[in-house]
Amino acid sequence: MTPAAPALMVGNLSFAYGKRLALDGVSFTVSPGQCAILLGPNGAGKTTLFSLITRLYDSRDGLIEISGWDIKGHSTRALARLGVVFQQPTLDLDLSVQQNLRYHAALHGMPRRLAEARIEQELQRQNMHDRRHETVRSLNGGHRRRVEIARALLHKPDVLLLDEPTVGLDVPSRKAIVDYVHALAADQQIAVLWASHLIDEIAPNDRLMVLHRGKIRALGSVEEILRQTGTSDIGAAFAQLTGTPP
Amino acid sequence: MTFLHYLRALLGIVKRELFRFVHQRERFVSALVRPLLWLFIFAAGFRSTLGVAIIPPYETYILYEVYITPGLVAMIQLFNGMQSSLSMVYDREMGSMRILLVSPLPRWFLLICKLLAGTLVSVLQAYAFLAVAWFYGIQAPPEGYLGLIPALLLTGLMLGSLGLLLSSFIKQLENFAGVMNFVIFPMFFLSTALYPAWKIQESSELLYRLALYNPFSQAVELIRFALYGKFASDPAIYVTIALLIFLAAAIVGYNPSKGMMQRKAGP
């Protein structure tokens, strides 16, 4: 991989459920340190796209590369460089925070000492270290999400995928996660792909992608998209591109 | 990808399953209560109506409770295998199965680890049941309890891989009721768990044939012989072949490009 290469590259990706086309020729890249927000109404194809990038599904048409590794040909190498926060909760409620994170570290083959150091580091960063022995069941939604983000970062991925991670959270929890992930992309040069339908989660420097009915309708910086659509705010641009209010 | 990576992942998956087993006490209790009800109530009730002749591996006349104990051990594993499949469906709905499947290891390896972890839990449950049965007076020779370990591993893997295969087809949790009706009950009742094969043959040749071909019967017989310190080669071969078939089909079922997952998936 050359330094200029994108961390995540999706090229001409299509996918159908039976005869219904869910993704149609989707192409984009996300560079290291960039935070790309994937905006789209419900049913736009965001979750399908994430399922393909994480290789839960496979597509015959198109290409997905993570840090230069093709997800089909070199799936284990590609997945080793990917951190994911799914839309659904994925923590074991009966296990402690630490046990959940150790499980993830084991799946990534991390030696015990390294795993413990990373767990401490990530939990400290999320102000969750004091709660590491508590069961996940006893945590509120915002704290569970923080643990999931800590988990996704344990193996120091090049690409972080977040599928609507703030759904169901209160405003302060949402803001904390949005700020944290943006800082993370900038400080650690992680490429972030964040699926959302909430326009207030967008920062001025983010790259935007608007997905609607399986197609990318607009791609670029906030400024570029406003210019393309001739609108003054992202809400109006989104409404114009998708025909639905944000 | 090193050998150590594989080993760490295997240990991690097994440890997680054991932690879950320890934390979910009600799962353990219900796994134990079900066969004990059969042993204490059903078998006691049927003791006088069903006479069991001397059949291998037994060397003398036995009580009906003694006869059905291996079948109940296999029942524990059958339920465990199906429960693991239930937990896979549940996990997939809840998302933690996704975490397993997106880890950087071959999918077949992850599924085998999950299967092995579930099997170890079923072996613990089986021994807990046998301990209670021992105090109830159903006592096998000491070497039988040792020889039972490989048999239980094999039968547990076979029944677990059947569960794994089913879980690759089932999309929603609600469909699990169908598994109970169309898989667990027929497999259990159409087997040698509750009555010897010759008794079934007396009633119906067809049912006898079906019972013989039922992999669950073969699992029961493997366990029965092992518990009495004997190795039953035919059931062992049969169970191994069934294991390989179910496992291969399950791995195909979970393959992202070939399997059922994406065909049945919705957006």
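Note on naming: letters A, B, ... go to the chains in the order of the sequence lines (proteins, then strands), and numbering restarts at 1 for each one.
The two residues B:P104 and A:H108 come nearest to each other via the heavy atoms CD-CE1, 3.4 Å. Closest approach of B:R98 and A:S51 over heavy atoms only: NH2-OG, 4.2 Å.
In this structure, chain B has heavy atoms under 4.5 Å from both the backbone and the side chain of A:T54. Proximity to chain A (any heavy atom under 4.5 Å) is shown, for B:L4, by neither the backbone nor the side chain. Heavy atoms of B:L11 lying under 4.5 Å from chain A are absent altogether. Using a 4.5 Å cut-off between heavy atoms, A:R151 touches chain B through its side chain atoms alone. Heavy atoms closer than 4.5 Å to chain A are found nowhere in B:L7, neither backbone nor side chain.
At a threshold of 4.5 Å between non-hydrogen side-chain atoms, the residues B:S103 and A:L79 do not count as touching. In this structure, the side chains of B:Y254 and A:L56 stay at 4.5 Å or more apart for every pair of heavy atoms. Two residues are said to be in side-chain contact when any heavy atoms from C-beta on lie closer than 4.5 Å; B:R107 and A:S75 fail this criterion. Side chains of B:V102 and A:L107 form no contact here, defined as non-hydrogen atoms less than 4.5 Å apart.
Interatomic distance, B:L100 CG to A:H104 NE2, rounded to the nearest 0.5 Å: 11.5 Å. Here the CZ-CZ distance, from A:R112 to B:R8, works out to 11.5 Å after rounding to the nearest 0.5 Å. A distance of 8.5 Å separates CD1 of B:I99 from OH of A:Y103, quoted to the nearest 0.5 Å.
In this structure, B:H5 contributes its side chain and A:A106 its backbone to no donor-acceptor pair below 3.5 Å.
Within a 6.0 Å sphere centred on NZ of A:K72, heavy atoms belonging to other residues, nucleotides or ligands number more than 12. Around the CZ atom of B:R34, the shell of radius 6.0 Å holds more than 12 heavy atoms that belong to other residues, nucleotides or ligands. The number of heavy-atom neighbours closer than 6.0 Å to CZ of B:F182, taken from other residues, nucleotides and ligands shown, is 12 or below.
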Working for side-chain contact (heavy atoms from CB on, under 4.5 Å), residues B:F19 and A:Q99:
CA-CA 9 Å; B:F19 277 137; A:Q99 285 168 336; 3.4 Å; yes
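The stretch residues 134-144 of chain A places none of its residues near chain B, where near means some heavy atom under 4.5 Å from a heavy atom of that chain.
Looking at A:D94 and B:R20, no side-chain N of the basic residue comes within less than 4.0 Å of a carboxylate O on the acidic one, giving no salt bridge.
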